[in-house]
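All heavy atoms count here, side chains included; hydrogens, waters and symmetry mates do not.
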Amino acid sequence: MNKRTHTVLAAVLAAPLALAAAGCSGGKQAGGDGRNGKNPAASEGSVVGGTPQKGGTLTVLSNQDFTHLDPARNWVMNDMDFGTRLLYRTLVTYKSAPGTQGNQLVPDLATDLGTPSNGARTWTFRLKRGVTYEDGSPVTARDVKYNVERSFSPDLPGGADYAARYLAGAEGYQGPAQGKHLDSIKTPDDHTIVFELNKPFAEFPNATVMPTFAPVPQGQDKGPRYDNRPFSSGPYKIESYDRGKKLVLVRNDKWDPKTDEVRKAYPDKLVVVMGLKANQIDDRLIASQGPDASAVSWGALRPESAAKVLPRADVRKRLLAESTNCTDMVQMHTGRAPFNDVKVRQAVQYALDRDAVLTSSGGPAFNDLSTAYMPAALFGGKQPDTLKIPATGDTAKAKQLLKEAGKPDGLSTKITVSSGDKGRAEAIQQSLGRAGIKVTIETVDPSAFYATIGDTKNRTDMVYTGWCPDYPSGSTFLPFVFDARFIKEKGNSGNHSLFRDDAAMKQMDRIAAMTDATEAGRAWQRLDGEILAKAPTVPVLIRRWPLVLGTNIAGAYGHTSFGGQIDYATVGLKDPAKSQG
């Protein structure tokens, strides 16, 4: 289903899980400011380093390769940021701005945000004139249609599936390889593209931010090998790509900034150095010596490194720590005893010490407690706290609920977590144990985690996982996590509580059909609280994405719509002459 979210969580889990290992010391020690509810990153919601100068080489230090750069397959949050800001353009994109302004949609290839008709079942976009690829050939509406079509190809898995969900006649479509095309995408001329949907979808412009809606000319398509060398319609093109080692981007001199209000393209070159160890990256950026002064990190700062950063004002002012907008949750198997009893689930809600889980995750410097399912961005910046359960839990209330459920002596159960989440699981285990809920922890390697918890027959009663919205709308959160119609026996994703609630599903359908986005947003918020009261899962925390920048970096902020990753549309250097590479 939402592979972007899965992969993101896997990536998020890979770094913060290490947070858990050192979080007790690193988090407590480093998180004093966070205890007061203040993010220690001096730059939250603002730009670090001032306005960049044009030129120079920006270096990105990374411990991993990209999952995908092919726009038909790119559905990982950080990778989408990199691909759509640097290599290819989409019909619509996010504004380049720090804070909540970054959630704003702006036209990219298109001249506007699309025109709905037929009750939002038909969407028409008109493309700007003068947008070209790296060889100077024009970007056409047919190229956007072609990339949407190739995203259906079985040999190009991994991409966003909004086209498959919403385009009319898409069921069973296998891509354009055999010369078959989707009649529901019409291109009456080179600069007009029309999408016919299978149902009203007022938020369709949000979906066209996805790389699926970037152009790929048929003549450049090389199947799976396109992943190594996307044909650029953005400000940079690939000079070389040695998988797992190094990627070099240089300017695309056919990119016309007059057609692009989003990308600033300050550096002359970007070099991504891969395969480094995370601790080495942290130490190099903290020291910021030589070429590292012109470098940024791809991955989040490890919690162990927080103690090297937060006490030092000179380093702390180079720290970004925007929210990932992904909610971690304890999900219970609502289709199986004892968690088919709402009072037992509520007992877990009240017993859970979220503050202890936060501490085990690196402390408040890198995390925020969660009091609702959807992140704060979907509540206008602040989550509601409808249940008002203390952050440290309410053991007495939990015991009372267990007694009412006929479990006065408590119960025993199991929880499955990714191996890196063991510290979090132990905090959960201890807090539930105080209420009489004895929890056995089962850890799984991250590479097998989702397959394990996606086996609905054989999985444990509880799992620890989460969800990230694809864009700022409840439609990309609650239906993915709580709609029973998407539950699978194997490969299940999203709805790991196996929540089957007719009233909630009717509400989801009703809200999805709304054409007033503001009204729909309020309805999603109400539904969040209604589901929370039924306790299929317990929201625990929302992680941040801490990044230390080199001292020569300018124009940097964590983009709220890309999980707190640096906005590669605007980052650059203070003094290009000091860069190397």
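- From Q349, atom CD reaches atom OG1 of T537 across 8.0 Å, with rounding to the nearest 0.5 Å.
- A salt bridge does not link R543 with D368: every distance from a Lys NZ or Arg NE/NH1/NH2 to an Asp or Glu carboxylate oxygen is 4.0 Å or more.
- The side chain to side chain donor-acceptor pair (under 3.5 Å) test applied to D385 returns no partner, not counting sequence neighbours.
- For K534, the salt bridge (charged side-chain N to carboxylate O under 4.0 Å, His left out) partners two or more places apart in sequence, or in a different chain, are D501.
- In this structure Y350 satisfies the ring pair (Phe, Tyr, Trp, His ring centres under 6.0 Å) test with no other residue, sequence neighbours excluded.
- Using a 4.0 Å cut-off between a side-chain N of Lys or Arg and a carboxylate O of Asp or Glu, D483 and R500 do not qualify as a salt bridge.
- By the ring pair (Phe, Tyr, Trp, His ring centres under 6.0 Å) test, F152 pairs with Y173, sequence neighbours left out.
- Checked against the 6.0 Å centroid criterion, the rings of Y373 and F482 qualify as a close aromatic pair.
- Annotation: salt bridge (charged side-chain N to carboxylate O under 4.0 Å, His left out) contacts of R150 (sequence neighbours excluded): D70, D221.
- Residues passing the ring pair (Phe, Tyr, Trp, His ring centres under 6.0 Å) test with F66 are F82, W298, sequence neighbours excluded.
- In this view, F201 and Y166 satisfy the ring pair (Phe, Tyr, Trp, His ring centres under 6.0 Å) rule, not counting sequence neighbours.
- Applying the side chain to side chain donor-acceptor pair (under 3.5 Å) test to T93 and every residue at least two apart in sequence or in another chain returns R85.
- The side chain to side chain donor-acceptor pair (under 3.5 Å) test applied to R510 returns Q507, not counting sequence neighbours.
- Outside the 6.0 Å centre-distance limit, the rings of F204 and Y162 are not counted as a close aromatic pair.
- In this structure, the salt bridge (charged side-chain N to carboxylate O under 4.0 Å, His left out) partners of K457, at least two apart in sequence or on a different chain, are E489.
- Checking each of Y146, F195, Y88 against F213 for a ring pair (Phe, Tyr, Trp, His ring centres under 6.0 Å) leaves exactly one that passes, namely F195.
- Among pairs with a residue in residues 513-525, none fulfils salt bridge (Lys or Arg N to Asp or Glu O under 4.0 Å), at least two apart in sequence or across chains.
- Checked for salt-bridge contact, D461 and K414 miss the test: no charged N lies under 4.0 Å from a carboxylate O.
- Evaluation of the salt bridge (charged side-chain N to carboxylate O under 4.0 Å, His left out) rule for R526 yields no partner, not counting sequence neighbours.
- Counting heavy atoms from C-beta outward, I542 and D328 have side chains that stay 4.5 Å or more apart.
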